[in-house]
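Remarks on the structure that follows.
In this text the structure is predicted, and so the values were computed from the model without any measurement. The chain is numbered in sequence order, starting from 1.
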Amino acid sequence: MVIIAAVCSLLGSARPHALPRISTRLSSHALFLLYCIAIATFVLNNSLIDIAPPSECSAPFAPVLAFGDSTTDTGNQIHTNTPFATAASPLYGMTFFHEPTGRYSDGRVMLDFLCTALKIDFLPPHLTCSSQCANENFAVAGATANNNAELQSIANVTSLTQDTLEVQLSWFKNDLQGHDLSKALLYFGEIGGNDYNYALGAMRPANEVQALLPAVVEKIQNALETILESGVKKVVVQGQFPMGCIAIYLKLLNNTQLDSNGCVSSVMEISNQHNRMLRDVIGHVQEIHPDVDIVFFDTTEAYLYILGKPSIYNFNNVRDPCYTGGLELLALANAGNTGGSPSAALPPHKINMTSCTNPENYIGWDGRTPRDGRMTMTTIL
């Protein structure tokens, strides 16, 4: 797969061989595609000729670790006290695992595809490790970069998930303090999207949403520096998805201006600005740590590429979610930020819990997240 070619060649392994071309798909299928295209683009931009993926890396990473939100979570959230942890219920997980696993997808998330390419088992969620796991995933669906006091101060919103980026860092320190991490691979998944989601979903003024950007990016920078101080040398940092292209905003803000890709312009500016600022942070951190390899994973560029050529990848619906219950559950969960309360919203047992019969033809899974990790880019929470 193209992604592993990039990981091997960009993070210090042997130069990749020419390999077969990959097939495509976002829900799970789309996530895989986005993942591959983003890495291929990075390889091309860095003048690497052999962009097809190698069968394996010559130098394995140990351990492989991950942070992030629902685009990366493999089951932590469902082991917390977070309300509305819907990934514990059908129809999540239906196309690959055939049961819910705590992934906010119909199948796998992007991290799972990276693990497959590296020929390692899927990363276990931190909260299921009774003792230290060889590899570990600290990501929690719904996680924010800022804690509730900070979210309240900046945008007057509250997160339902208490396991922020700072909490994930505390788990990391507790489990791995004193360990040799010089051969580790750190996948720093998307984080900060939920900070913006809460503010946008509560219809906060644009200046309040914009005010979250420097606060989110500062949290990411601090986290990266903490991780690198522990000895990690290889890092992949995932950017934001193109938030304005996701079903929840296309429906919530359906009377606002759309860009040339048919995405909500005002929301796209948030995710684009986040990515610009994140690139600057990565450059700054790289200068301070010249012995570290940091890769920016541009999921927005990959997503927009697929959005422009959906039929090539067998997508015939790029706007609607396959599983509509996700949008109704999100409205229920966010009721407290919109002047109501979850108890006053639509009761969970009356929410439509059916899905389409052809998820492989949909880019989006639940209106917030991509289908089975293959697209890698539709997920928000």
Donor-acceptor contact present, side-chain Asn174 to main-chain Ser170, <3.5 Å:
no

With sequence neighbours excluded, what pairs up with Arg279 under the side-chain hydrogen bond (donor to acceptor under 3.5 Å, both in side chains) test?
Asp298

With Ser266 via side-chain hydrogen bond (donor to acceptor under 3.5 Å, both in side chains) - residues at least two apart:
none

Note: Ala145 and Asp195 closest approach over all heavy atoms is N-OD1, 2.8 Å

May I have the step-by-step check of side-chain contact (heavy atoms from CB on, under 4.5 Å) for Val216 and Asn146, ending in yes or no?
CA-CA 7 Å; Val216 165; Asn146 294 285; 3.6 Å; yes

Using the side-chain contact (heavy atoms from CB on, under 4.5 Å) rule, pick out the option among Cys356, Ser355, Pro321 that qualifies with Trp365.
Ser355

How would you list all residue pairs meeting disulfide (SG to SG under 2.5 Å) that involve residues 181-217, not counting sequence neighbours?
none

Closest non-hydrogen contact found for Ser182 with Asp180 is OG-OD1, 2.8 Å

Only counting residues at least two apart or in another chain, list the ones meeting salt bridge (charged side-chain N to carboxylate O under 4.0 Å, His left out) with Asp259.
none

Verdict with reasoning, Ile363 to Leu307, per side-chain contact (heavy atoms from CB on, under 4.5 Å):
CA-CA 9 Å; Ile363 285 184; Leu307 197 61; 4.2 Å; yes

What is the minimum heavy-atom distance between Val209 and Arg204, and which atoms define it?
CG2-O, 3.9 Å

Step by step, would you call Gln162 with Asn148 a side-chain contact (heavy atoms from CB on, under 4.5 Å)?
CA-CA 8 Å; Gln162 302 302 309; Asn148 270 337; 3.2 Å; yes

dist Arg319:CZ -> Asn317:CG (nearest 0.5 Å) comes out at 9.5 Å

Spell out, as yes or no, whether a donor-acceptor pair under 3.5 Å connects the side chain of Gln77 to the backbone of Ala141.
yes

Mind telling me whether Tyr196 and His274 have parallel, tilted or perpendicular rings, with 30° and 60° as the class edges?
perpendicular

For Gln286, enumerate each residue passing the side-chain hydrogen bond (donor to acceptor under 3.5 Å, both in side chains) test, keeping only those at least two apart in sequence or located in another chain.
none

What pairs meet the salt bridge (Lys or Arg N to Asp or Glu O under 4.0 Å) rule with one or both residues in residues 142-162, with sequence neighbours excluded?
Glu150-Lys219

Is there a donor-acceptor pair closer than 3.5 Å between any side-chain N or O of His98 and the backbone N or O of Met94?
yes

Do the ring planes of His126 and Phe138 sit parallel (below 30°), tilted (30 to 60°) or perpendicular (above 60°)?
tilted

Got a donor-acceptor contact below 3.5 angstrom from the Glu190 side chain to the Asp69 backbone?
no

Would you name the heavy atoms of Val235 and Val232 that are closest together and state the gap between them?
CG2-CG1, 3.9 Å

Test item: side-chain donor near acceptor, Asn261 and Tyr303, under 3.5 Å:
no

Give a yes or no on whether the backbone of Asp106 and the side-chain of Thr95 come within a donor-acceptor separation of less than 3.5 Å.
yes

Work out which heavy atom in Thr72 is nearest to a heavy atom in Gly189; give both atom names and the distance.
OG1-CA, 3.6 Å

Between Leu213 and Met268, is there shared hydrophobic-cluster membership here, with clusters defined by ILVMFWY side-chain heavy atoms closer than 4.5 Å?
no

Indicate yes or no: does Lys233 engage Asp293 in a salt bridge with an N to O separation below 4.0 Å.
no

Decide whether Asn194 and Thr144 meet the rule of one side-chain donor and one side-chain acceptor closer than 3.5 Å.
no

Which pairs count as disulfide (SG to SG under 2.5 Å) when at least one residue sits in residues 178-261, sequence neighbours excluded?
Cys245-Cys263

For Gln152 and Thr158: C-alpha separation, side-chain torsions, deciding distance, then whether side chain to side chain donor-acceptor pair (under 3.5 Å) applies.
CA-CA 6 Å; Gln152 280 283 342; Thr158 300; 2.4 Å; yes

Under the side-chain contact (heavy atoms from CB on, under 4.5 Å) rule, collect the residues that match up with Glu269, sequence neighbours excluded.
Gln210, Gln273, Arg276

Out of curiosity, Leu252 CG to Ile246 CD1, how far, rounded to the nearest 0.5 Å?
12.5 Å

Enter the distance from Ile78:CD1 to Asp73:CG here, rounded to the nearest 0.5 Å.
8.0 Å

Distance, nearest 0.5 Å, that separates OG of Ser311 from CD1 of Ile306
12.0 Å

Does the side-chain contact (heavy atoms from CB on, under 4.5 Å) test come out yes or no for Asp320 and Lys251, once each step is laid out?
CA-CA 9 Å; Asp320 301 317; Lys251 293 180 180 297; 3.8 Å; yes

Given Asn135, Ile227, Asp175, Leu176, the one that forms side-chain contact (heavy atoms from CB on, under 4.5 Å) with Leu65:
Leu176

Residue pairs meeting salt bridge (Lys or Arg N to Asp or Glu O under 4.0 Å), one or both in residues 85-105, sequence neighbours left out, come to Arg103-Asp112

Heavy-atom donor-acceptor pair, Asn147 side chain to Ala149 backbone, under 3.5 Å
yes

Ring pair (Phe, Tyr, Trp, His ring centres under 6.0 Å) between Tyr104 and Tyr92, worked out
CA-CA 7 Å; Tyr104 275 84; Tyr92 289 90; 5.4 Å; yes

Scan for salt bridge (Lys or Arg N to Asp or Glu O under 4.0 Å) pairs involving residues 81-90, sequence neighbours excluded, and state none if there are none.
none

d(Thr164 OG1, Leu169 CG) to nearest 0.5 Å is 8.5 Å

For Asn275, which residues count as a side-chain hydrogen bond (donor to acceptor under 3.5 Å, both in side chains) partner, sequence neighbours excluded?
Thr300

What I want to check is whether the side chains of Thr74 and Asn137 have a donor and an acceptor closer together than 3.5 Å.
yes

Between the side chains of Thr161 and Asp163, is a donor N or O closer than 3.5 angstrom to an acceptor N or O?
no

Between Phe296 and Ile282, what is the shortest heavy-atom contact and its length?
CD1-CD1, 3.6 Å

In this structure, would Ile154 and Val157 fall into the same cluster of hydrophobic residues linked by side-chain contacts under 4.5 Å?
yes

Look up atom CG in Leu127 and atom CD in Glu136, then write down how far apart they are to the nearest 0.5 Å.
9.0 Å

For ring pair (Phe, Tyr, Trp, His ring centres under 6.0 Å), just list the numbers for Phe67 and Tyr187, CA-CA rounded to whole Å, side-chain angles, deciding distance to a tenth of an Å, and then say yes or no.
CA-CA 7 Å; Phe67 291 78; Tyr187 186 90; over 10 Å; no

Suppose the criterion is salt bridge (Lys or Arg N to Asp or Glu O under 4.0 Å): which pairs have a residue in residues 205-214, not counting sequence neighbours?
none

Any side-chain to backbone donor/acceptor pair from Asn197 onto Gly193? Under 3.5 Å, distance only.
yes

